[in-house]
Amino acid sequence: MEKIQMVDLKGQYLKIKSAIDEAINDCIESAAFINGPQVKTFAGDLAAYLDVPHVIPCANGTDALQIAMMALDLNRGDEVIVPSFTYVATAEVIGLLGLTPVMVDVDPVSFNITADIIKAAISPKTKAIVPVHLFGQCADMEAIMKVAKEHNLYVIEDTAQALGADYHFADGQVMKAGTIGDIGCTSFFPSKNLGCYGDGGALYTRNKVLAEKISMIANHGQVKKYVHKYIGVNSRLDSIQAAILTIKLKHLDEYATAREKAATYYDEQLKGLEGITTPFRVANSTHVFHQYTLQVATDKRDELKKYLESQGIPAMIYYPVPLNEQEAFLEIGRVHGDLTVTERLCKSVLSLPIHTEMTQVQQDFIVGKIKDFLKN
Ligand SMILES: *Cc1c(COP(=O)(O)O)cnc(C)c1O
């Protein structure tokens, strides 16, 4: 049996090696390392995949979130509602720009923020909401968009973990994660569902004016060479990364299917075990399983993690500490309501290895070890 890893990037590469090697070589031969034609091609392909008119690549997912906040009319002291149960980047950029992250609890089923939680946290200073489609499953965007409309709030979707997930509206309409709010942000960090071989990110929007502003901000606020309209940043996707992503994008749906298949197998094998809850799936979103996250009895979680590691099985805690308890946010953030679910999740979640190269033999081994642990 192959060594078990949280993600198997090497194995995934080997299956598309010749195409990737050729694309990288072409890039080097052409020496168009920055803003090469590969970047435009990838942006066009991703726009077509997502069915969204504007895709603006950038250097990483954190930059995408920051550029999104900079492109919207937000001012110092304005409040932005974020889940407390997420990766730090979501809220970090809010603080960096002098805005106030308002950290709220999440739904125990989807692990995402909901319209009701958002509604309760809205104040006269609230200007934006950042739903995070955590672990690969969409937040309830239809209800969230309704609240946003009622209160005139911007919606920035953090879809770093859910690229490719489908959101289903009540009337049957289907839209890709990240294309429903004002701006969608994603990351191509190697371990993400569409990962490049370094850092990368992108923003998407349906709004042409916003798209132009985003492009300018990502490029020094530049209208044309040496004419700068906004204070911007220097945030680009390298040509080599774009070339790699163009190839991998063609496999994204097949990658999602492989993750989903592995998740379903875990579900079947682990269902009903005392002390373990398998991930819930909501009805109005597909799940692209960036993570396969169990909830484990809080008194057993850390021991199980240690035991699995001792057996050669990596397992990770995403995330061990609620954002509002992080020192960086103590002074600048505001907490709304009680964060009971977030606190419980931080003590109970455990993500198992899941990736596109997972074998049933590996999964049987993992499941067997979990069962062994629970018996003792
Ligand atoms: C990975 C991630 C980011 C940041 O992406 P980077 O490319 O690493 O900057 C932001 N939000 C979430 C939820 C993420 O998982």
Side-chain angles (χ1 to χ4, degrees), residues 6-7 9 42 46 55-70 80-97 101 103-104 106-107 110-113 128-139 141 144 155-165 177-178 181 183-204 218 233-238 240-242 244-245 248 259 279 285 287-293 316-324 326 328-329 342 345-346 349 351 354-355:
M6 282 303 284
V7 287
L9 299 177
F42 170 63
L46 185 58
V55 168
I56 302 101
C58 67
N60 57 69
T62 309
D63 274 9
L65 289 161
Q66 182 184 331
I67 294 164
M69 303 273 165
M70 291 170 77
V80 182
I81 296 173
V82 290
S84 188
F85 188 61
T86 181
Y87 183 56
V88 65
T90 315
E92 185 179 28
V93 297
I94 299 168
L96 186 70
L97 295 173
M103 294 162 280
V104 298
V106 294
D107 174 63
S110 66
F111 303 162
N112 287 323
I113 53 174
I129 311 164
V130 188
V132 179
H133 306 309
L134 203 72
F135 303 149
Q137 187 165 238
C138 293
M141 288 307 294
I144 290 173
V155 176
I156 301 168
E157 294 178 68
D158 182 342
T159 182
Q161 302 186 3
L163 181 55
I183 305 177
C185 296
T186 204
S187 163
F188 307 120
F189 185 80
S191 63
K192 299 285 154 97
N193 288 34
L194 180 63
C196 60
Y197 295 177
D199 276 308
L203 300 97
Y204 352 117
V233 294
N234 174 20
S235 186
R236 293 183 285 241
L237 182 69
D238 292 344
I240 289 184
Q241 302 305 341
I244 292 164
L245 287 166
K248 289 189 69 179
R259 287 174 177 274
S285 171
H287 200 323
V288 293
F289 285 99
H290 175 60
Q291 299 297 343
Y292 184 89
T293 304
M316 300 291 285
I317 297 167
Y318 304 117
Y319 296 92
V321 182
L323 279 192
N324 54 293
Q326 297 284 359
F329 292 100
T342 298
L345 290 175
C346 287
V349 287
S351 296
I354 189 158
H355 52 74

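All of these numbers come straight from a predicted model, not from anything done at the bench. One-based numbering, in listed order, for ligands and for the atoms of each.
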Numbered atoms of ligand 1 (with element) below 4.0 Å of V132, judged on heavy atoms: 13 (C)
T86 N/O under 3.5 Å from ligand 1 N/O: no
Results of ring pair (Phe, Tyr, Trp, His ring centres under 6.0 Å) for H287 - residues two or more places apart only: F289
Enumerated ligand 1 atoms positioned under 4.0 Å from heavy atoms of S187: 5 (O), 6 (P), 7 (O)
Nearest-neighbour protein heavy atom for atom 1 (C) of ligand 1, which is reported as residue plus atom name and distance: K192 NZ, 1.4 Å
Aromatic ring pairing Y87/Y319, orientation class (parallel under 30°, perpendicular over 60°, tilted between): tilted
Sub-3.5 Å N/O-N/O distance, A89 and ligand 1: no
Ligand-side contact atoms (ligand 1) for residue partner N60, heavy atom cut-off under 4.0 Å: 7 (O), 9 (O)
Close-contact set for ligand 1 against G61 heavy atoms, below 4.0 Å: 5 (O), 6 (P), 7 (O), 9 (O)
From CA spacing to verdict: ring pair (Phe, Tyr, Trp, His ring centres under 6.0 Å), F188, F42: CA-CA 12 Å; F188 307 120; F42 170 63; 5.4 Å; yes
Nearest-contact summary for atom 15 (O) of ligand 1 - protein heavy atom, Å: Q161 NE2, 2.8 Å
Expected output: side-chain S84 to main-chain L323 donor-acceptor under 3.5 Å: yes
Y87-ligand 1 polar pair, N/O distance under 3.5 Å: no
Under 3.5 Å: N/O of Y319 near N/O of ligand 1: no
Donor-acceptor contact present, side-chain K248 to main-chain C196, <3.5 Å: no
Protein heavy atom at shortest distance from atom 13 (C) of ligand 1: D158 OD2, 3.4 Å
Any donor-acceptor pair under 3.5 Å from S235 side chain to A59 backbone: yes
E92 side chain near L65 side chain, heavy-atom distance below 4.5 Å: no
Whether N60 side chain and T62 backbone form a donor-acceptor pair below 3.5 Å: yes
Nearest neighbour in protein (non-hydrogen) for atom 9 (O) of ligand 1: T62 OG1, 2.5 Å
